[in-house]
Structures are given as C-alpha cells and as structure tokens.
Protein chains: 2
Amino acid sequence: MPAQQPSLDAIFSALADPTRRAILAMLLEDDMAVTDVAAPFEMSLAAISKHLAVLAAAGLIRQERRGRIIWCKLEPDGLRNASVWMQGFGQFEPVDLDDFERFLRESLPLMDGDDAKP
Amino acid sequence: MPAQQPSLDAIFSALADPTRRAILAMLLEDDMAVTDVAAPFEMSLAAISKHLAVLAAAGLIRQERRGRIIWCKLEPDGLRNASVWMQGFGQFEPVDLDDFERFLRESLPLMDGDDAKP
DNA sequence: GCTTTGTTTAACTTGCCGGTTGAATATGGG
DNA sequence: CCCATATTCAACCGGCAAGTTAAACAAAGC
C-alpha cells in the first residue's frame, strides 16, 4: 500500500477541516507523536487519530512507527498537485512567505471554525 | 451582502467536489449562464444551481443577472488566500502553466470521482 | 508476566451534503 | 396578457463524515 497518488478530492476535503489544517500547521514546525498532536485540541484522541488517517490518506503527512510511538511528519509534496491546480486559476503574484506567516498566526488560535474574536 | 472574505473552510470544501472543480475549469474558458453550465452534467439543474451557490459563497465565482439569465464568472482572487496558505507548506517551484493545462485535460473528462483510465 | 503508555478499532449517534422532484419566481417575447 | 425560458426554493432522502466511548492491540518497563 504505497499510498498511490492521492486524488484532488482527497486532498481538498482533507484541507477543508480546520482541525486538520491546524494539525498541518503544527507539523510544519516539527514532527510530532500522535498524543502530542492531540494535546492542544479539546476532542478525543481517537478523533485526532482519525484526522491523521485522513491526512495520511490524502498524502499530506506520513506516519512512521518507531518503538511504540508513531511519528507524524509533513509530506510537502502532497500539496503540490493541488497547488498546481489552484494556481492555474489565478496567475497569482509570487507568494510572500510573510503572508503565510501572518496567515498562520491568524488562523491557528481558532481551530474550531471561523468565528474570530474581534 | 458583499460576500465578505470567505473562510478557508468554505474555499477548500467547495474545491473538494469534482463537479465543482469541473465547473471552475469550464468557467476558466468563458463566462457561462447557469443552464449552459449544467448542460454537460448528468445531474439536475437544481443540483448545479446549488453547486454554483456553494462556489459563490466560497468567493470562487460571481453570479450576476443580466436580463433573465444569470452569468457565472470566475473570481480568481477567491483562490488567493487558499493558495497562499498552501504554498507555505511547500516552497514549491514556480508553477508551470503547462502542468495546469495537462492537469485539466486529465481531470475534466471524469467529473464523477477519481477513477482514471490508465 | 503484569501494568503502563501509545495508538487504533469498533459500534454507535448526529448532522451535514449532495442529490431528487415539483412548485414558485422572475423576465422576455409574441 | 399569456406563454416559454431561466433559475431558484422547499421538502425530502440516503449516505457519509465527524464526534463520542469503550475495548483491543502493541511495545516498553519493572
């Protein structure tokens, strides 16, 4: 099961969930064990485990067991197809990484939807 | 209702549906009336109408009535936020528009899932 | 070998999503 | 005014996705 080229369906629906995006953002900083990934969230560990499975199925992360803990690491290539697809629509100006930084800061605190605290 | 900044939730879940992506690809070539958008699909007009509503809510298209037909046009800016978000994960090489072209050709014919003909 | 720690599986509930059909609401044309 | 065209609304249905809890499985440690 080499996780053959995941579909845009899988990738975009994986990204559609704020919890999963938050997880990706966390993994961007460092590889993490499942339990540690789950820590900041208010939902059950099982739920997070499922989210991780979804991300893995979409090719966005990889989970590899070492000892009894399972390490989750980002798989940046997984996003490439989707990124290519999207950019075709916009001819966007080259992306400013600072924008991304800011974006993360804005979107990380609220991992439960879209209601921002004004 | 100025369609205030749509959320990543809305954008990504809009993109997660193959029918909706196909619609976007169609609109990339030209603005279209709702009926014409619906034509190539095998589902009801009402269903397509809903899909269009979802895309509009996500800020990916705009629908403006002129006479009795409603024109759907792409709103490329709508993708920018999502694109910025995604690229932060990859530092992707500059996107090749030919890649996009090929991608479209591959993904357009099958607007019902992921089974590609090998 | 038993217990603890880490993670997944199973069974179940709930709510949303994508589709249907049929009626309702414009708008334009004879 | 009446009819046809264009689009949405409303009510409904089936399925799946996301969450829960409790049990199972795996690996380490004593």
Side-chain angles (χ1 to χ4, degrees), chain A residues 1 3 6-24 26-27 31-58 60-73 110-114, chain B residues 1 3 6-24 26-27 31-58 60-73 110-114:
Chain A
M1 40 303 284
S7 63
L8 287 178
D9 280 36
I11 295 174
F12 282 127
S13 52
L15 293 177
D17 186 289
T19 302
R20 286 192 290 259
R21 288 197 306 275
I23 291 175
L24 288 180
M26 291 166 62
L27 292 180
D31 300 359
M32 298 177 79
V34 174
T35 307
D36 295 328
V37 169
F41 298 93
E42 283 180 350
M43 69 187 71
S44 73
L45 183 58
I48 297 294
S49 178
K50 282 190 193 176
H51 279 302
L52 290 170
V54 171
L55 288 171
L60 299 175
I61 67 170
R62 268 186 40 188
Q63 310 192 244
E64 57 188 46
R65 160 162 248 143
R66 198 177 323 176
R68 67 178 153 180
I69 82 181
I70 294 190
W71 292 95
C72 308
K73 76 185 307 275
L110 41 90
M111 34 198 58
D112 58 312
D114 305 309
Chain B
M1 41 298 286
S7 63
L8 287 178
D9 279 35
I11 295 174
F12 282 126
S13 51
L15 293 177
D17 185 289
T19 302
R20 286 193 288 261
R21 288 197 308 273
I23 292 176
L24 289 180
M26 292 167 62
L27 292 180
D31 299 359
M32 299 177 78
V34 174
T35 307
D36 296 327
V37 169
F41 298 93
E42 285 180 350
M43 69 187 69
S44 74
L45 184 57
I48 297 294
S49 178
K50 281 190 193 176
H51 279 302
L52 289 169
V54 171
L55 288 170
L60 298 175
I61 68 171
R62 269 187 39 189
Q63 310 191 247
E64 59 188 43
R65 159 162 250 144
R66 198 178 321 177
R68 66 177 152 179
I69 82 182
I70 295 190
W71 291 96
C72 307
K73 76 184 309 275
L110 43 91
M111 33 199 57
D112 57 310
D114 306 310

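In what follows, chains are A, B, ... by sequence order, proteins preceding strands, each numbered from 1.
For B:Arg65 and C:dT25, the CZ to P distance is 14 Å, given to the nearest whole Å. Atom-to-atom, CZ of A:Arg66 to P of D:dA27 comes out at 15 Å; the value is rounded to the nearest Å. Taking atom CG of residue B:Asp36 and atom C1' of nucleotide D:dT7, one finds them 13 Å apart after rounding to whole Å. In this structure, A:Met32 atom CE and C:dG6 atom C1' are separated by 14 Å, rounded to whole Å. In this structure, the CD1 atom of A:Ile48 is 16 Å from the P atom of C:dG6, given to the nearest Å. When rounded to the nearest whole Å, the span between CD1 of B:Ile61 and C1' of D:dT7 equals 13 Å. Between the CD1 atom of A:Ile69 and the C1' atom of C:dT4 there is a distance of 15 Å, given to the nearest Å. The distance between atom CG of A:Leu52 and atom C1' of D:dA18, rounded to the nearest whole Å, is 14 Å.
What you find for A:Met26 and A:Val37 is that their closest heavy atoms are CE-O, 3.6 Å. Nearest approach of A:Thr19 to A:His51, heavy atoms of both residues: CG2-CD2, 3.9 Å. A pairwise comparison of heavy atoms in A:Asp9 and B:Arg21 identifies OD1-NH2, 2.5 Å as the closest pair. Nearest heavy-atom pair across A:Leu45 and A:Thr35 is CD1-CA, 4.2 Å. What you find for B:Cys72 and B:Val34 is that their closest heavy atoms are SG-CG2, 3.9 Å.
Note on A:Gln63: every side-chain N or O is 4.0 Å or more away from OP1 and OP2 of C:dT7. Here A:Ser49 reaches the OP1 or OP2 of C:dT8: one of its side-chain N or O atoms lies under 4.0 Å away.
Note that CG of A:Asp31 is 8.0 Å distant from CD of A:Glu64, once rounded to the nearest 0.5 Å.
Listed nucleotides C:dG28, C:dT4, D:dT7 differ in distance to A:Arg68; the shortest reach to its side chain belongs to C:dT4. Counting only heavy atoms from C-beta on, B:Ala33 has its side chain closest to D:dT7 among C:dG6, C:dT8, D:dT7.
For A:Arg68, the salt bridge (charged side-chain N to carboxylate O under 4.0 Å, His left out) test picks out no residue, with sequence neighbours left out.
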A correct 5'-to-3' footprint of nucleotides 11-23 of chain C, with B, S and - meaning base, sugar-phosphate only and no protein heavy atom under 4.0 Å, is B------SBBB--
